[in-house]
Amino acid sequence: MTDECLNTIKSARKELIKAEIALLANHRRMLLQEYRNQNEELLSLIKSGKRVYLSPKVFWWWAGISYLTSLYSLWCLLQLILQWLKC
């Protein structure tokens, strides 16, 4: 390998490293801006107080508890009606 080829490879490698550094810095700036935008949107939603956000796990727990409570209430009403009809 000649010195000219070696110098060409080294200079190409240095240019590639510079390009990668610039690309990563730009990517980092874009990510930080996106995080800031999302943070502002979430803060505005929280401050408005118009929405309630529940995780899916919490939502399904509440849905299950509500369903079971309604079934139990219907069962109690049915028992009261049956006792009333027996009297």
Side-chain angles (χ1 to χ4, degrees):
M1 183 178 289
T2 64
D3 287 339
E4 185 181 329
C5 289
L6 187 59
N7 289 336
T8 305
I9 291 172
K10 284 182 180 180
S11 66
R13 182 173 177 240
K14 286 180 184 178
E15 288 177 21
L16 179 64
I17 290 172
K18 287 180 187 177
E20 286 289 324
I21 289 171
L23 179 68
L24 289 174
N26 187 32
H27 181 67
R28 184 178 202 170
R29 273 193 304 276
M30 289 172 44
L31 281 177
L32 287 174
Q33 185 60 39
E34 188 64 32
Y35 291 148
R36 286 185 193 112
N37 291 344
Q38 288 179 355
N39 190 27
E40 289 173 7
E41 288 177 14
L42 285 174
L43 286 175
S44 68
L45 286 175
I46 290 170
K47 287 179 182 177
S48 70
K50 294 179 182 176
R51 295 172 179 91
V52 175
Y53 293 97
L54 300 174
S55 68
K57 186 177 182 179
V58 172
F59 172 78
W60 288 112
W61 268 100
W62 277 103
I65 289 170
S66 299
Y67 178 71
L68 290 175
T69 304
S70 64
L71 286 179
Y72 182 70
S73 299
L74 289 174
W75 183 80
C76 288
L77 285 174
L78 181 64
Q79 293 299 318
L80 285 173
I81 291 171
L82 288 176
Q83 284 181 2
W84 182 71
L85 289 175
K86 286 182 181 178
C87 290

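Just so you know, residue 1 is the first one in the sequence shown, and it goes up from there. FYI, side chains are in, hydrogens and waters are out, and symmetry mates aren't considered; it's all heavy atoms of this structure.
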For this session: Mind checking the CG-OG spacing from Leu6 to Ser11? Nearest 0.5 Å is all I need.
Result: 10.0 Å

Exercise. Roughly how far apart are Leu71 CG and Cys76 SG, rounded to 0.5 Å?
Worked result: 11.0 Å

Problem set entry | Leu78 CG to Trp75 CH2 distance, which is reported to the nearest 0.5 Å | 9.0 Å

Review item, side-chain donor-acceptor pairs of residues 12-40, under 3.5 Å, at least two apart:
unit_1: Gln33; atom_1: NE2; unit_2: Asn37; atom_2: OD1; d: 3.1
unit_1: Asn37; atom_1: ND2; unit_2: Gln33; atom_2: O; d: 3.4

